[in-house]
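Please read all numbers here as calculations on a predicted model, not as lab measurements. Computed over heavy atoms, backbone and side chain alike; hydrogens, waters and symmetry mates excluded. Per chain, numbering begins at 1; letters A, B, ... match sequence-line order.
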2 protein chains.
Amino acid sequence: MAPPLPRSVNLRRVAEEAGVHPSTASRALNPATRHLVAAPAAHRVQEAAARLGYRPDAAAMSLRTGRSRLVGALVPGIANPVFAPILAAAAAALAEDGHALLVADPGDDPAQAAEFVAELAARRVDGLLLATVALRDDPALAACLVRGLPTVLINRSGGEGIPAVVSDDRAGMAMAVAHLASLGHRRIAHVGGPAPLSTGLLRREGFEAAMAAQGLELPPGWVEAAPTYGRAEGEAAASLLLSRCSGITALACANDLLALGAYDACRRAGLRIPADISVTGHNDMPLVDMIEPPLTTIRIPHAEMGRRAARLLLDRIHQGTEAGTAVLAPALVERGSTGPPRAQA
Amino acid sequence: MAPPLPRSVNLRRVAEEAGVHPSTASRALNPATRHLVAAPAAHRVQEAAARLGYRPDAAAMSLRTGRSRLVGALVPGIANPVFAPILAAAAAALAEDGHALLVADPGDDPAQAAEFVAELAARRVDGLLLATVALRDDPALAACLVRGLPTVLINRSGGEGIPAVVSDDRAGMAMAVAHLASLGHRRIAHVGGPAPLSTGLLRREGFEAAMAAQGLELPPGWVEAAPTYGRAEGEAAASLLLSRCSGITALACANDLLALGAYDACRRAGLRIPADISVTGHNDMPLVDMIEPPLTTIRIPHAEMGRRAARLLLDRIHQGTEAGTAVLAPALVERGSTGPPRAQA
DNA sequence: TTGAAAGCGCTAACAC
DNA sequence: GTGTTAGCGCTTTCAA
């Protein structure tokens with residue numbers, strides 16, 4: 001029955017030191033119940049706690065109260081540079097409220113994601129940030145819902161009443177297409193994102209709508225969706241478009257990583273950017289201003305996204321209120337990968 | 001006294017379902033004690049657990065056993081792209097052992113780092129991965145040591161008997177200098193990292209030793225340490241060197257981010273890379289192959305680093321063995337930012 | 001305003 | 001081989 005590990009200062013120890021009962025010490029240390037304790041006693045307790053370096057034990061607190069001051073986050077590929085600023089901002093906002101962020105990376109495997117939700121639930125996370133959710137019937141989202149876990153989606157929308165923080169993907173693609181059209185491009189193809197992801201779908205829809213709005217033709221086969229957001233997948237899709245679509249002068253990509261792949265494809269095809277073909281990305285992830293040529297892209301306010309998601313989640317955790325969806329405005333960042341089209345035949 | 005949150009399936013429920021006492025169920029579910037239980041009973045328990053979707057409650061388990069299956073990680077700037085692959089690999093290796101990674105980002109504030117260690121300790125982490133440690137007298141490291149927490153340093157060495165996983169920084173700088181020398185460079189300056197960090201110190205020492213080994217002169221003032229690893233800091237230090245050191249033909253930087261800053265400085269000074277000046281980095285972080293010109297740098301096996309650190313830590317956690325320090329071999333990656341020096345006066 | 005007591009879910013020493 | 005029991009550290013109802 002002996003505890004297996006060496007003991008550190010606990011509440012009982014603090015109470016002894018202050019000459020009060022542990023429950024009094026507990027009350028004195030909790031801002032919400034402090035007023036129930038006589039001032040001098042409360043003082044002695046706080047002084048003793050400070051002197052001994054007392055920290056409430058998270059496990060015991062969690063067991064007793066059911067809350068862990070832990071928030072889980074699911075991201076597909078933590079190595080993807082766009083998640084770094086999102087997670088950093090979310091962690092900072094959460095920390096202000098005493099919450100820590102537990103990040104899990106299920107990759108693109110929905111079953112694994114659901115498994116992680118179960119694991120995080122067993123760890124009694126107070127809420128969950130989901131950046132992995134597919135558009136419909138996502139098992140991870142279902143796992144959250146069935147457990148009644150406060151959940152906020154990031155950079156993905158999950159339909160119905162699920163709170164989410166997203167960029168206006170349609171508007172972003174409209175900006176890209178309008179920019180290209182203003183340069184004189186008429187024949188623009190789209191390297192799309194994964195169809196099951198809301199970003200993949202919405203950016204594709206946004207692209208198609210924008211083409212129509214600009215009065216530009218979009219022949220069948222001028223949109224090619226990559227199976228995942230990756231440089232190699234972008235290269236494959238762009239290669240296909242390059243050989244399939246006659247006379248295209250621009251490639252609007254659903255994502256910066258795909259655009260990097262498009263660079264590779266253009267290079268292999270002997271096409272110069274932007275002299276022979278223009279390329280746009282989406283996200284404005286770190287370092288794309290340093291590549292050659294610097295990528296013209298749609299900037300998404302990643303830090304803002306993480307911060308808002310964290311705040312929304314904290315609201316749900318504390319007040320149980322149904323937080324709505326926040327739509328953030330993207331912005332066009334003009335760099336060197338777009339220019340006027342070559343004179344056409 | 002009622003628990004504030006809805007209850008999920010607990011061990012007692014599983015035991016009831018299987019018709020055994022909770023402690024029997026506990027034994028049946030724990031691989032280490034399973035042999036103490038009669039096969040049929042064990043079967044019934046496992047079946048019931050599976051059917052009900054039972055998961056042991058992490059808080060209760062932690063409270064009882066003193067271990068949390070949580071490992072903490074401290075990184076300075078989670079947005080720094082070099083940490084992503086390290087953390088991803090570490091998390092994966094930890095997950096194989098049922099551990100989750102709790103990442104905290106104290107930035108460059110040692111006091112904040114120590115505070116996070118205390119917080120993580122209160123959360124009963126089983127061990128800690130430290131990527132923030134300064135060379136000597138680091139408060140965070142001290143906080144770990146005083147609590148007897150198993151600790152492994154990453155990409156930093158902390159002296160004496162502290163287990164660490166590092167790249168051979170001296171050897172890496174020797175590779176860079178040898179490469180430049182082989183191209184014909186004789187006048188090479190060094191954009192150094194922060195002096196208090198082991199990487200900053202070791203790479204500087206490695207640079208100086210390599211210059212001596214190559215028989216190259218190193219006038220005073222040809223080494224300028226940046227206060228932190230940042231692009232802006234790199235630009236400032238490189239600008240200083242460019243104006244201070246007459247006739248230099250190459251800049252060997254302690255880090256890719258600093259090298260990016262050196263690009264900025266060269267550009268502002270109207271110098272072409274590599275025609276007018278060669279630049280080398282250190283780390284080979286993502287996308288530096290896409291910048292213009294592609295950066296010649298020293299590749300550090302980041303994933304391997306994270307994996308090894310996790311394994312070392314798990315060894316310490318399980319066996320309490322004193323794991324030694326692992327030194328990983330870096331490699332030169334030749335790209336476009338280095339070339340023969342311009343013919344000198 | 002404070003103390004007593006119970007119990008969150010689990011494991012392990014002990015008894016049978 | 002299995003049940004009993006105690007207790008990890010904390011909060012909170014209840015009684016005084």
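Listed by first and then second residue, the salt bridge (charged side-chain N to carboxylate O under 4.0 Å, His left out) pairs that reach into residues 47-61 of chain B are A:Glu115-B:Arg55, A:Glu119-B:Arg55, A:Arg124-B:Asp57, B:Glu17-B:Arg51, B:Glu47-B:Arg51, sequence neighbours excluded. The side-chain hydrogen bond (donor to acceptor under 3.5 Å, both in side chains) contacts involving residues 28-45 of chain B comprise nothing, where partners must be two or more places apart or lie in separate chains.
For the pair B:Arg67 CZ and C:dA12 C1', the interatomic distance rounds to 15 Å; values are reported in whole Å. Between B:Arg12 atom CZ and C:dG7 atom C1' the separation is 10 Å, expressed in whole Å. One can place CG of A:Leu29 at 13 Å from P of D:dT12, the figure rounded to the nearest angstrom. Rounded to whole Å, the distance from CG on A:Leu63 to C1' on C:dC10 is 8 Å. Residue A:Leu11 contributes atom CG, which lies 12 Å from atom P of C:dG3 at whole-angstrom precision. Between B:Arg123 atom CZ and D:dC10 atom P the separation is 14 Å, expressed in whole Å. If you measure from atom CG of A:Asn10 to atom C1' of D:dC8, you get 10 Å, rounded to the nearest angstrom. Here D:dG7 presents its P atom at 19 Å from CZ of A:Arg64, a figure rounded to the nearest Å.
To the nearest 0.5 Å, atoms CG (A:Leu120) and CG (A:Leu70) are separated by 8.0 Å. To the nearest 0.5 Å, atoms CG (A:Asp126) and CG (A:Leu313) are separated by 8.5 Å. A distance of 5.5 Å separates SG of A:Cys144 from CG of A:Leu149, quoted to the nearest 0.5 Å. The CG atom of B:Asn155 sits 12.0 Å away from the CG atom of B:Leu129 when rounded to the nearest 0.5 Å. Between atom CG of residue B:Leu11 and atom CG of residue B:Leu52 there is a gap of 11.0 Å, rounded to the nearest 0.5 Å.
For B:Asp97, the side chain to side chain donor-acceptor pair (under 3.5 Å) partners two or more places apart in sequence, or in a different chain, are B:His99, B:His318.
Residues from residues 17-28 of chain A placing a heavy atom under 4.0 Å of any atom in DNA chain D, listed by number, are A:Ser23, A:Ser26, A:Arg27. Contacts with DNA chain C (heavy atom under 4.0 Å) in residues 39-58 of chain A: A:Ala41, listed by number.
Heavy atoms only, all atoms of each residue included: A:Pro110 and A:Asp108 are closest at CD-O, 3.2 Å.
Summary of helix geometry: the two end axes of the helix from C:dT1-D:dA16 to C:dC16-D:dG1, each defined by five base pairs via their C1' atoms, are inclined to each other by 40° (rounded to 10°).
The pair A:Arg308-A:Glu304 meets the salt-bridge criterion, with a side-chain N (NZ, NE, NH1 or NH2) lying under 4.0 Å from an Asp/Glu carboxylate O.
A donor-acceptor pair under 3.5 Å links the side-chain atoms of A:Thr65 to the main chain of A:Met61, judged by distance alone.
Using a 4.0 Å heavy-atom criterion, one finds that A:Arg124 contacts the sugar-phosphate atoms exclusively.
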